[in-house]
Structures are given as structure tokens and as C-alpha cells.
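Here's the structure we're looking at; comments come further down.
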Amino acid sequence: MNRTEDTIFALSSGTLPAGVAVVRLSGSGAFDAAAALAGDLPVARKAGLRAIRSREGSVIDQALLICFPGPASFTGEDCVEFHLHGSRAVVSAVYEELSALPGLRLAEAGEFSRRAFENSKLDLVEVEGLADLIAAETEMQRRLAVEQSFGGQSALYRGWAERLTRARAMIEAELDFADEDDVPGSVSDLVWSDMGDLYAEIEQHLGSAKAGEIVRDGYKVVIAGPPNSGKSSLLNALAKRDVAIVTEIAGTTRDILHVDIDLEGYLVRFFDTAGLRETGDLVEQEGVRRARIAIEQADMILELEEIDSVSKHDVKLPGTNLLRLGTKLDKHGVSPNYDFCISSKTGEGLEQLRGRILEELRKVWTGSLVPNRQRQVHYLKEASQSVAEALNGQELDIRAESLRAAASSLGRITGHVDVEQLLDVIFSQFCIGK
């Protein structure tokens, strides 16, 4: 039997043990399998309490059953959910009974979602949004995932593709029926103005890709400065726990340490780096090299220096999104030479620092639709380039072909065009029960 024709099952709820464990079945044999364990099945989409029995007739558990006849189900196939008591023993016993039935097997990673895609219940943007929604740890990650998983972003791309299709149709009408009175003599007013607007919309959308990356993967804040300037102390103070070792010995931090903090719904990743200085220690040299790389990749840099101390390094840091922090405020007075003066020991100034970081974050994403995966960005750039070629072209038939290429690139984002080679990669990122 083809594996796509198998009936699959898996745990679709959280890690065991738990209060409730949901085991999902999907496929043509789902209802027969459920009946083999539970007897008469409840009415579709209504929960029914049933005794779950082994092949020998002994009771494994009492569970709620819900049946979802296809195509009106998550996968588009017949689906059944067993809502069991969430012990490992119960789930293991149910697995054993299901595995013994012909045509049933344990689902592979992402297989339920893949079947939903193949049955046109979800497109690839919605699938990726669903994966992000499951993995979301902050409020902004949840909001971004909802925009994708519930079809808002897909609708945007479909709308663009439809505009491209209409434009091509008008161009081809002019090419085929240029001498007919009922066909406009030129498509420039009807098509190219709209294609110019479309190009601007795609470019604006691409410009927001960085915001999607930051919300999904975190806002990278690198703590930099000379040795003993208080970098590790600041990391510990922000994390409210001991993440980094703090000593008076220069060069204590030799590798990059980081801590993730949920700052009012945004994921902020703080990186503590090695003190920037010239050193003969090979291990410390590697730490400094890694610190420089982290600084280049940062969204914000916090340059630390003990208040009014003699500078211990001459490394010039990027000026964009850089805050100069005077440290050890508990030992020194406030100095106007810094953007903020802070004390990691007493906490003075830290709330103001958090507020400034949050201020920058709120500029990043306002809740609009944004691409947040490199795959999406790649095909959007392809589409934008093709539209630009159409706008700047000369021969009408070649310009029409450029618009076709743009529509094809948009189709690859949602999975409607030639993405077979991507599917294994995308769906492998899901857990087994999804």
C-alpha cells in the first residue's frame, strides 16, 4: 500500500504525563480503527464518552471520542480524536492496539499538516504560520504567526497573483486582437500603471522582512566594551540570575553568552561578549574575534565603560543603534558623557534602559503582514525583479513573460507552483503529532 494511503496516528497534545492526551487518527481507515477500540462511534463533531478496549476486551481507559468526516477536517481526510487520560501507560497501550490494526502506522513528523496541504486545506504560508504558532513563546511571535496561519498573508499574495494574471490577459488580448475595435489600442494605461503600483507594494512588503525576522528570531542586543566594564554584571542583572561569571580578572568572559528575555511580548536576545582588547592569549583572541562578529550582526549595541574611566580600548563600534552606557553608577556620580548611567548592582538606570530598547522595538513591527522566512523573501525578490523587468522592457510579448515569471514566484511562496523539493524540509520541522 502507498504510504500516503495509510491511516496514520500520533499524539497531538503535549508531553506526557498530562491531564489529557489527544491521539489523532487520519485516513480512510480512521473510523473503522476507532470502532475497533471503542465500539459505536458518536455523531460527527460531537464528543462521546466511550470505553477504550484492547483486542482481549479489557478496558484500557475511558475517553472522549470526536469524529470528523472528510473533507471537513484538518487534513481533509476522515479524522478521529481520542481524548484520553494523559499517562504514558494509557497512550502506549492505545498505540499498541492501533499498530496491530492493518493499514495503520505511526505518523511521521509533520505528516498531518502535509496531508492538509496536499488536500488544499492549507497552503505553505499557512503551514509555516502554523509551525510558528506552535513554537511561539512571546505575544508578538503569536501575533505574527496568526497573521500567517489564518490566511491573511496568503490572501495578499493571491491578490497580487490575480492582478498579474489580469495584466497578462490584457497584454495577450492586445497581441492577438490588436486590429479589433473592441480591444484597446494600448494596454499602458490599463496595465502598466497598476504594475507600477504592484512593484511598489512588493518592495514595501520586502522592506518589512527585517521586522518579521526580529519578531520571529529575536532582537539581538550585544553588550560590548573593554574588560571589567561590567558587561557580565549587566547580563546577569537583566536576566535576574547568574548567567555569566563575574570577577575582577580581565578576560574572564572568553566566549559569547546569551540570555533570552520576553520584553512586553518581544523576544530580546542579550549577548555578553569578551572584553575588546589586544591580548596574547589565544583563547581570549578567539573570544574577541567572536565578539566582533556578534557586533556586526547586532540589531543594537550597548557599549559599556566604567563612568569617567580612562578608555581601555580603541575599537570603533558601529554608530547605528549604539547606546553608550556608563557603568558602576553606585561608585560614581551621573556623567553627561553617556546615553545612560547604570548600576547592575543596585539596578539604578536599568528600567530606563529597558524602556529605550522597547522604544526601538515598537518601531520594528506595527502588526502588519510581513514576510518572516528566508524562503518567502527569496521568492518575493524574484517576483519584484520580474515585475521590474516587465516595466522596463520593450517587446510586449517579453514583458508578458516577465509578468508570468512574477506570478510563478508568488505561487511558489504559497506552494501552488513547483515546490515539491521543499516539502520534506518544511514538514520535517513539525512535531510527530502535527
Side-chain angles (χ1 to χ4, degrees), residues 1-39 41-42 47-48 50-122 124 126-128 130-135 420 422-434:
M1 181 183 288
N2 190 316
R3 288 180 68 81
T4 61
E5 297 176 358
D6 292 345
T7 296
I8 57 174
F9 64 89
L11 180 70
S12 290
S13 52
T15 304
L16 302 176
V20 176
V22 179
V23 172
R24 174 185 286 165
L25 286 74
S26 180
S28 59
F31 291 168
D32 288 341
L37 272 67
L41 299 182
R50 297 290 187 273
I52 309 302
R53 297 180 181 274
S54 69
R55 284 158 287 176
E56 290 75 26
S58 61
V59 174
I60 296 173
D61 192 17
Q62 273 201 327
L64 289 176
L65 259 67
I66 309 177
C67 299
F68 302 91
S73 68
F74 174 72
T75 63
E77 304 172 329
D78 289 344
C79 289
V80 178
E81 290 183 357
F82 289 82
H83 292 238
L84 305 156
H85 291 95
S87 79
R88 293 186 179 92
V90 167
V91 172
S92 177
V94 170
Y95 270 23
E96 184 177 347
E97 295 303 317
L98 292 173
S99 298
L101 296 173
L104 267 71
R105 63 173 173 82
L106 187 65
E108 298 172 356
E111 192 167 4
F112 289 101
S113 297
R114 182 160 185 163
R115 290 189 177 195
F117 167 74
E118 291 170 345
N119 293 322
S120 300
K121 306 299 290 187
L122 298 171
L124 282 189
E126 292 169 323
V127 165
E128 289 171 329
L130 179 59
D132 288 344
L133 185 60
I134 292 170
E420 186 62 33
L422 290 172
L423 298 185
D424 289 340
V425 175
I426 291 172
F427 290 105
S428 67
Q429 299 172 13
F430 280 80
C431 59
I432 295 295
K434 201 63 181 178

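Residue numbers count from 1 along this sequence.
- One finds the CZ atom of F68 at 8.0 Å from the SG atom of C79 (value rounded to the nearest 0.5 Å).
- Looking at D61, its side chain does come within 3.5 Å of a backbone N or O of H85 through a donor-acceptor pair.
- You'll find the side chain of Y95 reaches within 4.5 Å of the side chain of L11, heavy atoms only.
- Summarising the geometry of I60 relative to V90, their closest heavy-atom pair is CG2-O, 4.1 Å, with the distance given to 0.1 Å.
- Side chains of F82 and V22 form no contact here, defined as non-hydrogen atoms less than 4.5 Å apart.
- For the atom pair CG (L25) and SG (C67), the distance works out to 9.5 Å, reported to the nearest 0.5 Å.
- By the 4.5 Å heavy-atom criterion applied to side chains, I8 and T75 are not counted as neighbours.
- Annotation: the span from L41 atom CG to R50 atom CZ amounts to 7.5 Å, rounded to 0.5 Å.
- Counting heavy atoms from C-beta on, the side chains of L16 and V91 come closer than 4.5 Å.
- When all heavy atoms of A10 and L106 are compared, the closest pair comes out as CA-CD1, 4.1 Å.
- For the atom pair CG of L84 and CD of Q62, the computed distance is 11.5 Å after rounding to the nearest 0.5 Å.
- Two residues are said to be in side-chain contact when any heavy atoms from C-beta on lie closer than 4.5 Å; I52 and E97 fail this criterion.
- For the atom pair OG1 (T7) and CZ (R105), the distance works out to 9.5 Å, reported to the nearest 0.5 Å.
- At least one side-chain heavy atom of F9 sits less than 4.5 Å from a side-chain heavy atom of S99.
- Contact between S12 and R24 at its shortest, heavy atoms only, is OG-CB, 3.4 Å.
- Between atom CD1 of residue I134 and atom OG of residue S113 there is a gap of 6.5 Å, rounded to the nearest 0.5 Å.
- For A116, the side-chain contact (heavy atoms from CB on, under 4.5 Å) partners at least two apart in sequence or on another chain are F74, K121, L122.
- Looking only at side-chain heavy atoms (C-beta outward), P17 and R88 come within less than 4.5 Å of each other.
- Closest non-hydrogen pair, S73 versus G76, comes out as OG-N, 3.1 Å.
- Looking at D78, its side chain does come within 3.5 Å of a backbone N or O of G70 through a donor-acceptor pair.
- In this structure the side chain of L37 reaches within 4.5 angstrom of the side chain of L101, judged on heavy atoms.
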